[in-house]
Amino acid sequence: MTPQTVNVAIVGGGLMGREIAAALQRWPALIDHPVRPRLTAVCDVNPAAMTWFDQIDTVTTTVTDYRDLLADPSIDVLYVAVRHDLHEQIYTDVINAGKDLLAEKPFGIDGAAAQAIMAAIGAHPESFVRCSSELPFFPGAQWAARYVQSGALGQIIEARNAFLHSSDQDVHKGINWKRQIATCGEAGVLNDLGMHTWHLPLRLGWAPEQVYGVLQNIVPTRPGPDGTPVACDTWDNATLHSRSRHEGQEFPLTTQTKRIDPGQKNTWIFEAIGLDGGVRFTTKNPKSVEVFGVRDIPGIGREQVWHQLDVGSQSVWPTVTGGIFETGFSDSILQMWAAFLAERAGELGERFGCVRPDEAALTHDIFRAAMTSQRDGVAAQVRSTTRTG
């Protein structure tokens, strides 16, 4: 079957825009994918940010106004990575134009913005929309998900998903848009990183019923452009203790998102423990998954054992990379796009997919409950009754 060519445009030529562009150049690493993406256009309000894309010969259009891309009939899909306060306007404009969209988290600066985006999707069902979250596409994360789905946990005891880094540990680091409510949103680090910790739990059907939030604004001011202290009014770290259910059994689910966690660079952690089994994976050791069980040990008897397994390179979509080799962040980006474009083409099947709009909107209800809990000092109900799975 000849792959379908899909023309892609990037809005936001920063860190993630360049990462996506690089991933699309590695597309031939995927085996028998039904789609062949071509990056043809880039938009950024800063013309200098687009010069990096000059080295990609398929890019023929560079603009400073994203609306120019919406009027281009040759563009099929837009990837948008901009400040949170710009999400609602740009995302709804893309959807209203009938274009397909891979949107960066948090899918709107707050719940109201997310609902406006959802309304646009409802009015334009021809627009295929998903939200970006690449870390569950690590092979070890996929192994962990399949392990849980197999029923191997038995009665669940507890689970945890965390995303940790230390990018804000330097108190002299200058203020920027992610450190201010007006541009990042009241949820702060939850808006910035929270999708990383909720993508897999929501896909496993673990939407929380109640949340107890412990939120920290550790560095309340940061230097402005002239060195004068400026209010840094977003949450730096957030730990959410939630009541969720697995196969009808209530259990505690802990999620952590931290911009200040000394010693961490960019670490994603998932673990789930049950009476019959358990599983752990962290990107800090991307080659391995740990699996728990009770085994007969020769000469010893029945014992509890954590086994360490090497997972190799294969994730959602098969690649030419040898199965014994290691994987990394760039590979997870490639796999996320493979899943996005395969699902768009109706060819994903039962494979793990990108964050759906309903899941993205639900995270805002979770974040609101966490902030309510922080304010009141008690657990708060998650307002939405929507359950994903």
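Along the sequence shown, residues carry numbers from 1.
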Ionic contact status for Arg26 with Asp331, cut-off 4.0 Å: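 Here Asp331 pairs with Arg26 in a salt bridge, since their nearest N and O are under 4.0 Å apart.
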Within the distance-only criterion (no hydrogens, no angle test), does the side chain of [X] pair as donor or acceptor with the backbone N or O of [Y] below 3.5 angstrom?
X      : Y      : result
Arg18  : Gly13  : yes
Glu359 : Arg356 : yes
Gln210 : Val382 : no
Arg259 : Trp235 : yes
Asn7   : Ser74  : yes
Gln256 : Ala238 : no
Thr64  : Val45  : no
Asp310 : Gly312 : no
Asp261 : Leu164 : no
Arg203 : Gly353 : yes

Full working for salt bridge (charged side-chain N to carboxylate O under 4.0 Å, His left out) between Glu343 and Arg351: CA-CA 9 Å; Glu343 187 174 9; Arg351 296 180 175 96; over 6 Å; no
Give the cluster check for [X] versus [Y]: same hydrophobic cluster or not, with ILVMFWY residues linked at side-chain heavy-atom distances below 4.5 Å.
X      : Y      : answer
Val189 : Val230 : no
Met16  : Leu193 : yes
Leu362 : Leu190 : yes
Leu200 : Val211 : yes
Phe352 : Ile269 : no

Are [X] and [Y] close enough that some pair of their side-chain heavy atoms sits under 4.5 Å apart?
X      : Y      : answer
Leu153 : Asp276 : no
Asp93  : Tyr66  : yes
Arg368 : Asp365 : no
Val129 : Asp100 : no
Glu250 : Ser244 : no
Trp198 : Ile366 : yes
Asp233 : Gln180 : yes
Val42  : Thr61  : no

Look at atom [atom1] of [X] and say whether more than 12 heavy atoms of other residues, nucleotides or ligands are closer to it than 6.0 Å.
X      : atom1 : result
Arg243 : CZ    : no
Asp32  : CG    : no
Lys173 : NZ    : yes
Arg245 : CZ    : yes
Gln304 : CD    : no

Steps toward salt bridge (charged side-chain N to carboxylate O under 4.0 Å, His left out) verdict (Lys258, Asp236): CA-CA 6 Å; Lys258 297 184 178 182; Asp236 294 311; over 6 Å; no
Closest non-hydrogen atom pair between Ala41 and Leu39, with its separation: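 The pair with the smallest heavy-atom distance is O-CD1, 3.6 Å.
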Where Ile157 and Pro252 come nearest, the two heavy atoms and their spacing: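 Ile157 and Pro252 have their closest heavy atoms at O-CD, 3.1 Å.
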Candidate list Thr254, Asn161, Leu215, test side-chain contact (heavy atoms from CB on, under 4.5 Å), partner Leu240, passing option: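 Filter result, single survivor: Leu215.
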Cation-pi check, Arg36 onto Trp27 ring (under 6.0 Å, within 45° of axis):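 Verdict for Trp27: no cation-pi partner in Arg36.
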Check against side-chain hydrogen bond (donor to acceptor under 3.5 Å, both in side chains), Gln374 and Tyr212: CA-CA 7 Å; Gln374 169 71 23; Tyr212 185 89; over 6 Å; no
From CA spacing to verdict: side chain to side chain contact (heavy atoms under 4.5 Å, CB included), Asp192, Lys105: CA-CA 7 Å; Asp192 185 22; Lys105 55 186 171 49; 4.0 Å; yes
Worked verdict on Phe138 versus Phe329 for ring-ring contact (aromatic ring centres under 6.0 Å, His included): CA-CA 8 Å; Phe138 269 81; Phe329 181 77; 7.4 Å; no
Full working for ring-ring contact (aromatic ring centres under 6.0 Å, His included) between Phe163 and Trp268: CA-CA 5 Å; Phe163 188 59; Trp268 187 89; 8.5 Å; no
Using the ring of each side chain (for Trp, its six-membered ring), is [X] parallel, tilted or perpendicular to [Y], with breaks at 30° and 60°?
X      : Y      : value
Trp177 : His84  : perpendicular
Trp206 : Phe251 : perpendicular
Phe340 : Trp337 : perpendicular

Evaluation steps, side chain to side chain contact (heavy atoms under 4.5 Å, CB included), between Phe270 and Leu204: CA-CA 12 Å; Phe270 176 82; Leu204 292 172; 4.0 Å; yes
Candidate pair Phe128 and Arg130, rule side chain to side chain contact (heavy atoms under 4.5 Å, CB included), full reasoning: CA-CA 7 Å; Phe128 179 76; Arg130 291 294 183 267; 3.6 Å; yes
Chi angles and distances behind the side-chain hydrogen bond (donor to acceptor under 3.5 Å, both in side chains) call for Asn96, His124: CA-CA 7 Å; Asn96 290 337; His124 293 275; 3.3 Å; yes
